[in-house]
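Numbers here are sequence positions counted from 1.
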Amino acid sequence: DIIDKRFKLLKIIYNDFQSKMIRKYIYMSQLDTFKKCKTPIEISEFIDQYSVDFKTSNGTIRKIHPFTEYGFISYMSKFGKHYSDFGINSTILAYIASSCWKAWQSFLFHGGKIKFKKNINIYKIRDKGDGFPGINNKELLNNNKLVINVNGKRGKNAKFITIPFKVNKKYPYELYCFMDKIVNLAIKREIIRGKKRYFVQFTFEGKKYSKNRKLGKGNV
């Protein structure tokens, strides 16, 4: 139920943020300089050069290009601060911002549409990180438990939940993976035969495991 609540919050953040960026796009599209752009190339060049003042958390003002992935992440860092008490940290917000930007890339440059999500079923705990200094792979493999901070606080005020997960230790592929550094970590929710099922999703660094499969034999 705690993880389900986070999935619901991620959906709210995603949809609210898209509404915010739609308003910014409408404002930008009403500028005379934007209206003078006739071809897709001119529009693309205008969007790349368009910049606004952005007030950082320490009060300084800097220029950002709002309709870029970095611009989305910058806006999201300020937009998502209201959800920090639910353990929605900067890593999770950056992932949501990148997901929003993919939709805008399609809209701005490929004629796609901005759509609001009914559900978000992946909860990125760590994305594009440089390993996990606080996680020991052997300990994780032996205990089969994942500990997650769910209120974003530290010390005595921190609240954690423990999520057990299964690893098939008789399957060499899964054991091989845990020998490498963990790069990304997420919890994924799937609806299977009408029931919610949850998976801990690891991304490991290194070469993939060879299953000694031969081309031209067997079914694909």
Straight-line distance of [X] [atom1] to [Y] [atom2], nearest 0.5 Å:
X    : Y    : atom1 : atom2 : result
I13  : I88  : CD1   : CD1   : 5.0 Å
S51  : D53  : OG    : CG    : 7.5 Å
H110 : Q105 : NE2   : CD    : 6.5 Å
R197 : E190 : CZ    : CD    : 8.5 Å
H65  : Y50  : NE2   : OH    : 11.5 Å
I22  : S29  : CD1   : OG    : 11.5 Å

Taking all atoms of both residues into account, what is the closest heavy-atom pair of [X] and [Y], and its distance?
X    : Y    : answer
K118 : K11  : O-CD, 2.9 Å
E42  : K36  : OE1-O, 4.1 Å
N157 : N151 : O-ND2, 2.8 Å

With a 4.5 Å cut-off on side-chain heavy-atom distances among I, L, V, M, F, W and Y, is there a chain of contacts connecting [X] to [Y]?
X    : Y    : answer
I26  : V52  : yes
F199 : F7   : no
V147 : I161 : no
I192 : Y123 : no
I41  : F109 : no

Kindly check if the number of other-residue, nucleotide or ligand heavy atoms within 6.0 Å of [atom1] ([X]) is above 12?
X    : atom1 : answer
Y173 : OH    : no
I191 : CD1   : yes
F116 : CZ    : yes
K78  : NZ    : yes

Any [X] side-chain heavy atom under 4.5 Å of [Y] side chain:
X    : Y    : result
K166 : N144 : no
F34  : I43  : yes
F202 : C177 : no
I163 : Y198 : no
I73  : S98  : yes
Q201 : L185 : no

Whether [X] side chain and [Y] backbone form a donor-acceptor pair below 3.5 Å:
X    : Y    : answer
R6   : F86  : yes
S44  : P40  : no
S19  : N15  : yes
N119 : N121 : no
E174 : N168 : yes
D180 : F204 : no

Problem set entry | W101: which of F72, F67, F17 passes ring-ring contact (aromatic ring centres under 6.0 Å, His included) | F72

Problem set entry | Contacts of type side-chain contact (heavy atoms from CB on, under 4.5 Å), residue R62, not counting sequence neighbours | F54, T56, I64, Y70, S74

For this session: Please work out which of the three classes, parallel, tilted or perpendicular, describes the rings of F178 and F165, given edges at 30° and 60°.
Result: parallel

For this session: Hey, can you tell me if W104 and Y25 have their rings parallel, tilted or perpendicular (30° and 60° cut-offs)?
Result: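 Ring orientation, 0 to 90° scale: tilted.
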
For this session: For the pair I120 and Y14, evaluate side chain to side chain contact (heavy atoms under 4.5 Å, CB included) and give the outcome as yes or no after the intermediate values.
Result: CA-CA 9 Å; I120 288 183; Y14 181 96; 3.7 Å; yes

Problem set entry | Residues that D32 engages under salt bridge (Lys or Arg N to Asp or Glu O under 4.0 Å), provided they are two or more places apart | none

Problem set entry | salt bridge (Lys or Arg N to Asp or Glu O under 4.0 Å) involving K5 - partner list, sequence neighbours excluded | none

For this session: Kindly determine whether M21 and I114 satisfy side chain to side chain contact (heavy atoms under 4.5 Å, CB included), including the steps that lead there.
Result: CA-CA 10 Å; M21 298 313 294; I114 303 298; over 6 Å; no

Exercise. Are F46 and M28 close enough, and set up right, to give a side chain to side chain contact (heavy atoms under 4.5 Å, CB included), and what steps lead you there?
Worked result: CA-CA 10 Å; F46 176 85; M28 181 183 73; 3.7 Å; yes

For this session: Give the C-alpha distance, both sets of side-chain angles, the deciding distance and a yes or no for side chain to side chain contact (heavy atoms under 4.5 Å, CB included) between I148 and I2.
Result: CA-CA 11 Å; I148 301 175; I2 294 174; over 6 Å; no

